[in-house]
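Taking it in order: structure first as structure tokens, then the write-up.
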Protein chains: 2
Amino acid sequence: MEHDHIATAATETATRARTRRAILDAAVTVLSANHAASLADVAEAAGVGRTTVHRYFAERSDLVAALGADVRERLQEATARARVDEGPAPEALERLCLEYFELGDRLMLLFDVPQFLSWAGFEEETDSDRVLVRLIERGQAEGTVDAGADAEWLQNVLWSLLYAAWMQARDYGAPRHTAISSCLHTVRKAMAAS
Amino acid sequence: MEHDHIATAATETATRARTRRAILDAAVTVLSANHAASLADVAEAAGVGRTTVHRYFAERSDLVAALGADVRERLQEATARARVDEGPAPEALERLCLEYFELGDRLMLLFDVPQFLSWAGFEEETDSDRVLVRLIERGQAEGTVDAGADAEWLQNVLWSLLYAAWMQARDYGAPRHTAISSCLHTVRKAMAAS
DNA sequence: CGAAAATGGAACATGGATGTTCCAATGTGG
DNA sequence: CCACATTGGAACATCCATGTTCCATTTTCG
């Protein structure tokens, strides 16, 4: 991050950085609501001309790739904030859930837009994926997480419960805190040592 | 079902019924793999000319609607087979999971293709949805299902765990029986009375 | 202020999916 | 075997998203 000024060829103006961000943010909102949305929709949501979108992302795939990178980055930051190596595994898992839940629509794109998993650097396992699996395995070793279930399965359980919680909040109009607390409740029970 | 012969204007030939089914089956496979697949893809997968597809389903939306009706029907059959009113709620829930899991790709369409929930008669709650919620509430009243969680939330939990299990089997190549048994294991724990 | 950067919008070319029509060929059932 | 149902494929018109080019205008910044 600290060398953004050399990331793209020549420095990116503050103005351009803001526009780029506006487009990315709009894209998250629009695409998570409708995967088939056109670039014109994204442009409108970003309050920007369609031409401008193409100026920043030549092809649709470039935009998707950038979104992927963005999500990947935020996922890592969130993972870092959760300090998964500290304290008992179950509590670390809760911290992780809370952090991931905050990513909201960005995270949902990973589920909803399949292209994400193939494009944009998600071909292989994410760092965050590895961290999560290791955390679960640590818990199983500690005896605080169900050792009778496959760690990879429990990883998917966590993801899908997060997805369910977010759906509950977005589509069913449940308050965010209700959704996330239900989610944590169930995650706790599902992962608990038997 | 028993009045299929008066459903469409005039009786539908056995031949036509077979092609219709071939198209619907192919559509399930193709569309669940790629939501943006073209009708030409569906036709090819069905071993049928593109023209023929249009002969049975004038517009794309007609095909989607028919798919929706098909899923809805199979969902009800599966629900009936699970005999949710018999025995303890947790066991009924397991039977339901097994039945739903067998629906495979058809069920996944409900998750993956958002249009399904708006088109094709899913605007309002499905019968199957109501049955599931009532079953959960029965369990909570019996004291065999976690009363500390909202019934609607638990419903979503079940759906998303089924989704996760199916993904595990389809995309990660896990054996079906492994996936479903992991799923049942977790569903049992997640729903158990606290 | 004034030059360079950044933008919006019109206009155009393109490709792919869609839906329709027509006809020859094949299959089906009486 | 023959009439009828069913099909495949070519050909066509249409629509829409995409991507590109060009230019006038606005914004930013030194």
Side-chain angles (χ1 to χ4, degrees), chain A residues 4-68 109 112-116 119-120, chain B residues 4-5 7-27 29-67 113-115 119-120:
Chain A
D4 250 19
H5 52 291
I6 57 167
T8 41
T11 304
E12 181 164 67
T13 312
T15 313
R16 284 187 68 85
R18 259 184 290 113
T19 321
R20 165 179 297 269
R21 181 113 303 280
I23 295 175
L24 284 176
D25 288 346
V28 169
T29 306
V30 172
L31 291 182
S32 70
N34 171 21
H35 322 163
S38 70
L39 294 190
D41 295 333
V42 174
E44 187 187 355
V48 153
R50 192 171 69 90
T51 316
T52 302
V53 172
H54 281 290
R55 230 174 243 124
Y56 285 78
F57 308 98
E59 303 192 355
R60 186 181 235 272
S61 61
D62 293 325
L63 174 57
V64 174
L67 278 178
L109 277 179
D112 292 335
V113 184
Q115 315 157 328
F116 257 34
W119 299 352
Chain B
D4 252 18
H5 53 290
T8 41
T11 304
E12 182 164 66
T13 312
T15 314
R16 283 188 69 83
R18 258 183 291 111
T19 25
R20 166 179 296 268
R21 182 112 303 281
I23 295 174
L24 284 176
D25 288 346
T29 307
V30 172
L31 291 182
S32 70
N34 170 19
H35 322 164
S38 72
L39 294 189
D41 295 332
V42 174
E44 186 185 356
V48 150
R50 192 172 69 93
T51 316
T52 303
V53 172
H54 280 289
R55 229 173 244 126
Y56 284 77
F57 308 98
E59 303 191 356
R60 185 181 237 270
S61 61
D62 294 325
L63 175 57
V64 174
L67 277 179
V113 184
Q115 315 158 326
W119 300 353

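Convention: sequence-line order gives letters A, B, ...; per-chain numbering from 1.
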Here the distance between atom P of dG29(C) and atom CD of Glu12(B), to the nearest Å, is 14 Å
Show the nearest heavy-atom pair for residues Thr19(A) and Val48(A), with the distance to one decimal. CG2-CG2, 4.2 Å
OG1 of Thr29(B) to CG of Asn34(B), rounded to nearest 0.5 Å, is 12.5 Å
I need the CG-C1' distance between Leu31(A) and dA17(D), as an integer number of Å. 14 Å
For Arg60(A) against His35(A), the heavy-atom pair lying closest together: NH1-O, 4.3 Å
I need the CZ-P distance between Arg50(A) and dA10(C), as an integer number of Å. 11 Å
When the distance from NE2 of His54(A) to P of dT21(D) is rounded to whole Å, what number comes out? 12 Å
Round to a whole Å and report the spacing from CZ of Phe57(B) to C1' of dT20(C). 18 Å
Between CZ of Arg60(A) and C1' of dG15(C) the distance, given in whole Å, is 15 Å
When every non-hydrogen atom of Val42(B) is compared with those of Ala26(B), the smallest separation belongs to O-CB, 3.9 Å
Are the side chain of Asp25(A) and the backbone of Ala22(A) linked by a donor-acceptor contact shorter than 3.5 Å? no
If each of Ala37(A) and Arg55(A) is mapped to the nucleotide of DNA chain D with the nearest heavy atom, which maps nearer the 5' terminus, i.e. the 5' end? Ala37(A)
Once you round it to whole Å, what is the distance between P of dA6(C) and CZ of Arg20(A)? 11 Å
Taking only the side-chain nitrogens and oxygens of Tyr56(A), find out if one of them lies under 4.0 Å from OP1 or OP2 of dT7(C). yes
Which sits closer to the 5' end of DNA chain D, Ala40(A) or Thr19(B), going by the nucleotide each is nearest to? Thr19(B)
Would you kindly compare Asp41(B) and Arg18(B) by the position of their nearest DNA chain C nucleotide and give the one closer to the 5′ end? Asp41(B)
Roughly, in whole Å, what's the span from CD in Glu59(A) to P in dG19(D)? 5 Å
Is the phosphate of dG8(D), meaning OP1 or OP2, less than 4.0 Å from a side-chain N or O of Thr52(B)? yes
Is there a donor N/O on one and an acceptor N/O on the other, under 3.5 Å, for the side chain of Thr51(B) and the base of dG9(D)? yes
Taking the minimum atom-to-atom distance to the side chain of Leu39(A), which one of dT6(D), dA5(C), dG19(D) wins? dG19(D)
